[in-house]
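Single-structure report; data block below.
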Amino acid sequence: MDPSDSNYCLALKDILATAAAAGGAKRTLSAIARRAARALKACGCAIFVLDQHGEFLIPTASFGLSEIYLKKGSLRARMSLPGVLERRTVAIQDVSKDPRIEYPEAAHAEGIVSILGVPIMDGDRVIGEMRAYTGERRRFTAQDKDFLTASASATAFAMQRARPFEKRAPQDQAESGVSSPSDETNLAVSRPTTFAHPSEAEFAALLDFYRIEWLYEPRTFPIKWDGDRVVQMFAPDFYLPELDTYIEITTLKQNLITDKHRKVRRLKELHPEVKIRLINKGDYAKLLAKYGYGPLAESKVQGISRVLFSHAQLQRRVGTMARRISQDYAGREFLLVGVLKGVLCFLSDLMQRISVPLAVDFMAVSYWSGDAGHAVTITKDLDTDIADRHVLMVEDIVDTGMTLNYLADYLRAKKPASLEVCALLDKRVRRLVDVPLRYVGFEIPDEFVVGYGLDYQGQYRNLPFVGVLGPQPLSGGGASSQNKSSK
Ligand code: IMP
């Protein structure tokens with residue numbers, strides 16, 4: 001037997017025992033990181049959890065790495081060792097020369113030369129990463145890789161076991177006013193369970209409502225030195241990646257506010273490129289309004305029970321759909337047919353991102369529904385002849401499928417060269433008539449949604465996100481009668 005095999009076997013025995021023991025997630029994971037680093041003769045080891053959108057790696061536990069290295073900035077899963085996200089083991093021999101390293105200077109300053117990264121899996125889903133770091137150039141062996149992979153499996157097991165221990169009792173939360181904003185379906189360790197101040201928890205909850213991505217204290221900036229030694233650091237409370245902005249929340253204590261103002265000023269002097277805002281509670285809504293989230297001075301939009309897709313999520317998804325459409329229609333001129341009015345925002349964003357030539361036309365319909373069933377009438381027909389042309393119908397949402405079925409039949413009768421459908425939202429559970437959808441943005445549950453062009457009695461079309469309508473919606477000023485409505 002290779003001596004490294006028995007070293008790894010012993011280490012794994014310890015790691016599994018640690019994973020199986022009861023205890024807080026953070027302590028358990030730190031112990032696993034420490035044991036794994038020692039067995040690998042590595043200078044450090046870190047465990048990261050993917051955030052709820054699968055975009056960022058949140059450092060959750062580590063051994064042998066400095067605070068400043070761990071908080072060097074947000075780690076984008078797609079840019080930092082991207083292969084790991086695709087379930088591969090990634091070995092980097094020299095961090096200074098590898099484009100897969102997001103912060104090579106920080107790694108250099110930390111004395112890191114080689115990195116081995118493996119995915120942490122929950123079934124066939126990547127939920128995080130485990131990385132080992134060495135201070136000398138290292139060609140990782142198959143045994144090293146197998147050992148770290150096995151340690152990552154033990155880590156996944158520890159995370160699952162730790163979940164109940166991370167949850168705090170409700171009355172605990174009520175007393176402190178600080179609650180964990182982490183999604184129930186998420187690993188509790190992926191978000192901080194305690195914030196330094198209740199106002200941070202409130203702010204995080206507000207960001208969650210609007211589905212604005214946030215990272216809690218992801219970066220520490222050195223702001224004062226004594227010779228080479230850092231004597232003061234500043235970690236802003238939040239980083240909002242979609243807005244590329246750091247947020248520092250002020251409390252009501254005047255002495256702290258003055259100190260925070262000083263730190264922010266110093267940070268701006270040292271890093272003029274960094275966007276940072278110092279805000280108090282009253283500023284939250286104004287800040288959100290500035291970026292198009294929520295009406296001024298109102299923390300939540302009246303009548304909306306929750307945001308289903310944020311503006312940034314919609315933009316990302318529409319971008320992906322547009323790329324696929326551009327590939328599929330390359331070399332074929334085509335016509336986008338939008339069905340008014342709900343498709344307004346989606347069509348506008350989609351067509352701007354399609355990179356091949358296209359033309360646009362619109363149709364409008366209105367419905368009658370009553371005892372006799374559901375009838376659709378065309379209130380605006382196409383201006384264009386579609387015979388022998390490639391047509392892509394663009395719909396906001398497909399619910400029962402009746403409207404789409406009617407319109408697709410109508411358009412097919414005009415003998416286009418091809419006819420496909422692209423829908424932003426698909427309420428598949430409600431489908432009565434099945435019309436094949438070539439491109440779908442998101443499949444959604446059976447809930448009435450508004451925003452991003454979609455309305456309820458003529459209201460809410462201007463919201464920059466898609467939200468679920470609550471029990472007390474705004475009602476429109478006579479925009480619809482009892483049983484006739486236009487889209
Ligand atoms: P279908 O004929 O039942 O598929 O209905 C499709 C049309 O109903 C859509 O184009 C929308 O105009 C409207 N609709 C269906 N569900 C919703 C919703 O949740 N919010 C807003 N409009 C909806």
Side-chain angles (χ1 to χ4, degrees), residues 301-310 313-314 317-318 321 336-350 361-382 392-412 419-476 479-487:
V301 181
Q302 197 191 331
I304 304 292
S305 66
R306 69 196 160 95
V307 173
L308 203 54
F309 303 112
S310 72
Q313 285 176 306
L314 290 166
R317 186 69 193 134
V318 172
M321 295 171 85
L336 288 181
V337 173
V339 186
L340 291 172
K341 301 173 192 163
V343 82
L344 199 72
C345 300
F346 175 45
L347 182 71
S348 158
D349 284 340
L350 184 75
D361 204 344
F362 293 98
M363 295 186 75
V365 294
S366 72
Y367 311 99
W368 279 94
S369 54
D371 296 343
H374 184 93
V376 184
T377 358
I378 293 172
T379 52
K380 188 215 163 291
D381 205 342
L382 294 174
L392 179 60
M393 278 184 73
V394 187
E395 268 279 19
D396 47 3
I397 181 165
V398 183
D399 184 10
T400 61
M402 307 263 233
T403 315
L404 182 60
N405 184 51
Y406 175 83
L407 290 175
D409 278 352
Y410 179 81
L411 294 181
R412 224 175 271 118
L419 179 69
E420 302 286 356
V421 183
C422 168
L424 177 66
L425 304 173
D426 181 5
K427 255 194 233 174
R428 193 155 296 172
V429 286
R430 300 235 324 151
R431 198 60 43 81
L432 296 177
V433 189
D434 203 20
V435 182
L437 304 180
R438 176 78 186 261
Y439 309 97
V440 174
F442 303 96
E443 196 175 316
I444 63 165
D446 182 11
E447 285 179 295
F448 197 85
V449 293
V450 291
Y452 195 59
L454 290 158
D455 75 314
Y456 170 71
Q457 297 196 348
Q459 299 281 331
Y460 298 111
R461 288 198 202 276
N462 59 330
L463 296 180
F465 52 79
V466 171
V468 176
L469 207 59
Q472 290 175 320
L474 294 171
S475 56
S480 68
S481 59
Q482 312 87 333
N483 58 357
K484 178 177 186 289
S485 65
S486 59
K487 261 169 70 92

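Read the numbers this way: they start at 1 and go in the same order the structure lists the ligands and their atoms. Small disclaimer: the values here were computed from a predicted structure and weren't measured.
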Practice item. Assess Ile397 for proximity to ligand 1: is some non-hydrogen atom of it under 4.0 Å away? Key: yes
Practice item. Mark up the atoms of ligand 1 that fall under 4.0 Å of a heavy atom belonging to Met402, in ascending order. Key: 2 (O), 4 (O)
**Study point:** Residue-ligand contact Asp396/ligand 1, heavy atom below 4.0 Å
**Key:** yes
Check your understanding: When only distance counts, is Val449 in polar contact with ligand 1, meaning an N/O pair under 3.5 Å?
Key -> yes
Review point. Does at least one non-hydrogen atom of Asp455 fall below 4.0 angstrom from an atom of ligand 1?
Key: yes
Practice item. Could you list the atoms of ligand 1 found under 4.0 angstrom from a heavy atom of Glu395? Key: 10 (O)
Review point. How does Leu454 reach ligand 1, by side chain, by backbone, by both or by neither, if only non-hydrogen atoms under 4.0 Å count?
Key: side chain
Exercise for review: Check Glu395 against Thr403 and note the closest heavy-atom contact, atom names and distance.
Suggested key: OE2-CG2, 4.2 Å
Check your understanding: Considering only heavy atoms from C-beta outward, does the side chain of Tyr410 approach that of Met363 to under 4.5 Å?
Key -> yes
Exercise for review: Take every heavy atom of Lys427, measure it against each atom of ligand 1, and state whether any distance is under 4.0 Å.
Suggested key: yes
Check your understanding: Looking at Thr403, which atoms of ligand 1 are within less than 4.0 Å of one of its heavy atoms?
Key -> 1 (P), 2 (O), 5 (O), 6 (C)
Point to revise | Polar side-chain atom of Arg306 near backbone of Gly470 as donor-acceptor pair, under 3.5 Å | key: no
Point to revise | ligand 1 atoms in contact with Gly401 (distance to a heavy atom under 4.0 Å) | key: 1 (P), 3 (O), 4 (O)
Point to revise | Nearest atoms (heavy-atom pairs only) where Met402 meets Leu432 | key: CE-CD1, 4.2 Å
Review point. With no hydrogens and no angle check, is any side-chain donor or acceptor of Lys427 less than 3.5 Å from a backbone partner on Ile397?
Key: no
Exercise for review: Ignoring hydrogens and angles, tell me if any N or O in the side chain of Arg461 forms a donor-acceptor pair with the backbone of Gly451 under 3.5 Å.
Suggested key: no
Study note, to complete from the structure: In ligand 1, the atoms that come under 4.0 Å of a heavy atom of Glu447 are 19 (O)
Review point. Between Val337, Leu424, Leu350, which is the residue that forms a side chain to side chain contact (heavy atoms under 4.5 Å, CB included) with Val394?
Key: Leu350
Exercise for review: Can you sort out which atoms of ligand 1 are near Thr400, meaning under 4.0 Å from one of its heavy atoms?
Suggested key: 1 (P), 2 (O), 3 (O), 4 (O)
Exercise for review: Grab the two heavy atoms, one from Ala423 and one from Leu437, that are nearest each other, plus how far apart they are.
Suggested key: CB-CD1, 4.4 Å
